[in-house]
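Structure record follows, encoded as structure tokens.
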Amino acid sequence: MGRGGGILEKLRSLDAYPKINDDFFSRTLSGGIITLASSLLMLFLFFSELRLYLHTVTESKLLVDASRGETLHINFDVTFPAIRCSLLSLDTMDISGEQHFDIRHHIVKKRIDAHGNVIEAKKDGIGAPKIEKPLQRHGGRLEHNEKYCGSCFGAETSDDDCCNSCDEVRDAYRKKGWALTNAELIDQCEREGFIQKVKDEDGEGCNIEGSLEVNKVAGNFHFIPGKSFHQSNVHLHDLLAFPTDSYNISHKINRLAFGDYFPGVQNPLDGVQWTQERPSGVYQYFIKVVPTIYTNIIGRTIFSNQYSVTEHYKSSELGHSQMLPGVFFFYDLSPIKVTFKEEHVPFLHFMTHICAIIGGLIDSFIYYGQRAIKKKIEAGKFG
């Protein structure tokens, strides 16, 4: 019993918060005000810490981008108020040598009037109507049970070549290095109503939107009036037999994004508008793409990109006689990728702050209580 009592006394001596006899308590108005103010402060600090704990924080890191064999997804929505849809085409090329001309997959063109109102919206492409007796390669008209083989109008490279559409005739001319000066005389173009379609769109503009899937290497994509192609390693340009001294490449970029949206992303070209005031030229955007990985609080990961951009305009007045009119987007990939990760403040960190708040205020209560008692003892009110 004695040994047990000794242990209890030792434990009692470790009490860091000794109790004060009720005779030493003296409640005052100033003490009540301090208690009320301290309690309100404690509640304010507690709810502030709770809000910070519930609020997510985003941590960012910079890493070397070691990914290989991936593709780059480009989403765009661009309006050309002074170029008709029939003349507007989209091309891509990259440093690996891959080239795509007059892209029509996943592309929607909208004809717009002078006020920006949509006249017609449809996927790009030209469909030839069914004609009973189109012109054959041998010069006659298609007879019953005869297979159609349209003439290439002198651009055939072999006896078996057939050109069954306006585009195929133009492609055959390109391979020969010839200019298609009068498309109205081409039976396929006349049957498809292509010439009339271009004339009907006189004075209109075009909104083009869609997406591209390109190699994840440096390259460019561009919007030009007409179609570009390569012949004998030379970049040539076909304006569809509708030449003009000047093409107005004024444009507005409604949206341009490299990858999917993620919280906080800012695309600097969204909403950018440029109006051409000088003769035909080329407007160039030089874009630095930064690979970005975003992980939200529930663990969902988004692989996307951010980018920065600079701009430059080349006027045909400066002697660039072989320059293609159009809007060019040159992009390059950064070797550094950015990772963003949403996280909560750790629970133990939150509890540490709460304990610090409560402990600090309790310590203040004890300090002021002990100081009041000391003053009363010194004044001889006790004992």
Side-chain angles (χ1 to χ4, degrees), residues 8 10-65 75 255 257-271 290-308 334 336-379 381-382:
L8 293 177
K10 288 182 180 179
L11 289 176
R12 190 178 292 113
S13 66
L14 296 176
D15 187 2
Y17 303 98
K19 307 303 182 292
I20 301 175
N21 193 299
D22 291 342
D23 295 336
F24 291 91
F25 279 107
S26 177
R27 302 183 187 278
T28 63
L29 177 62
S30 60
I33 294 175
I34 292 173
T35 301
L36 180 61
S38 300
S39 300
L40 293 176
L41 179 61
M42 181 186 299
L43 288 174
F44 173 75
L45 294 176
F46 171 78
F47 284 110
S48 296
E49 285 296 327
L50 180 62
R51 182 178 61 85
L52 290 174
Y53 171 69
L54 296 177
H55 179 71
T56 59
V57 294
T58 303
E59 292 190 358
S60 60
K61 294 181 181 179
L62 296 178
L63 303 170
V64 175
D65 186 11
N75 300 303
R255 179 172 181 257
F258 290 80
D260 298 329
Y261 170 83
F262 63 88
V265 64
Q266 293 184 351
N267 298 317
L269 286 179
D270 286 1
V290 182
T292 304
I293 302 175
Y294 187 91
T295 305
N296 63 14
I297 195 65
I298 62 174
R300 179 172 175 262
T301 300
I302 301 173
F303 295 88
S304 188
N305 302 276
Q306 303 177 85
Y307 66 89
S308 61
S334 170
I336 301 298
K337 67 179 176 182
V338 181
T339 63
F340 293 105
K341 187 176 182 180
E342 288 185 347
E343 294 180 339
H344 280 306
V345 174
F347 180 73
L348 291 178
H349 185 78
F350 167 70
M351 290 304 299
T352 300
H353 279 210
I354 296 301
C355 291
I357 293 171
I358 297 174
L361 292 175
I362 291 177
D363 185 65
S364 298
F365 293 155
I366 295 175
Y367 170 75
Y368 283 110
Q370 289 177 344
R371 191 173 68 170
I373 293 172
K374 183 178 180 181
K375 288 182 178 179
K376 290 183 177 183
I377 292 176
E378 291 175 351
K381 291 185 178 182
F382 296 103

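These numbers were taken from a predicted model, which means no experiment stands behind them.
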Looking at [atom1] of [X] and [atom2] of [Y], how far apart are the two atoms once the value is rounded to the nearest 0.5 Å?
X	Y	atom1	atom2	answer
Leu40	Leu45	CG	CG	11.0 Å
Phe46	Leu41	CZ	CG	14.0 Å
Thr301	Asn296	OG1	CG	7.5 Å

Close side-chain approach of Ile336 and Val64, heavy atoms under 4.5 Å
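In contact.
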
Does any part of the side chain of Gln306, heavy atoms only, come nearer than 4.5 Å to the side chain of Phe262, both counted from C-beta?
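The answer is yes, as the side chains (C-beta and beyond) meet within the 4.5 Å cut-off.
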
Check this for me: Phe44, atom CZ, are more than 12 non-hydrogen atoms of other residues, nucleotides or ligands nearer than 6.0 Å?
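No - once you tally the heavy atoms of other residues, nucleotides and ligands closer than 6.0 Å, there are 12 at most.
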
Without swapping roles, check the side chain of Thr339 against the backbone of Ile293 for a donor-acceptor pair under 3.5 Å.
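Such a contact is absent between Thr339 side chain and Ile293 backbone.
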
Write down the atom of Asp65, the atom of Pro291, and the distance for their closest heavy-atom approach.
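Scanning both residues completely, I find the closest heavy atoms to be OD2-CG, 3.3 Å.
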
Using the side chain to side chain contact (heavy atoms under 4.5 Å, CB included) rule, pick out the option among Val290, Asn267, Thr292 that qualifies with Tyr307.
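Filter result, single survivor: Asn267.
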
Parallel, tilted or perpendicular: ring planes of Phe340 versus Tyr294, cut at 30 and 60 degrees
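Plane angle between 30° and 60°, so tilted.
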
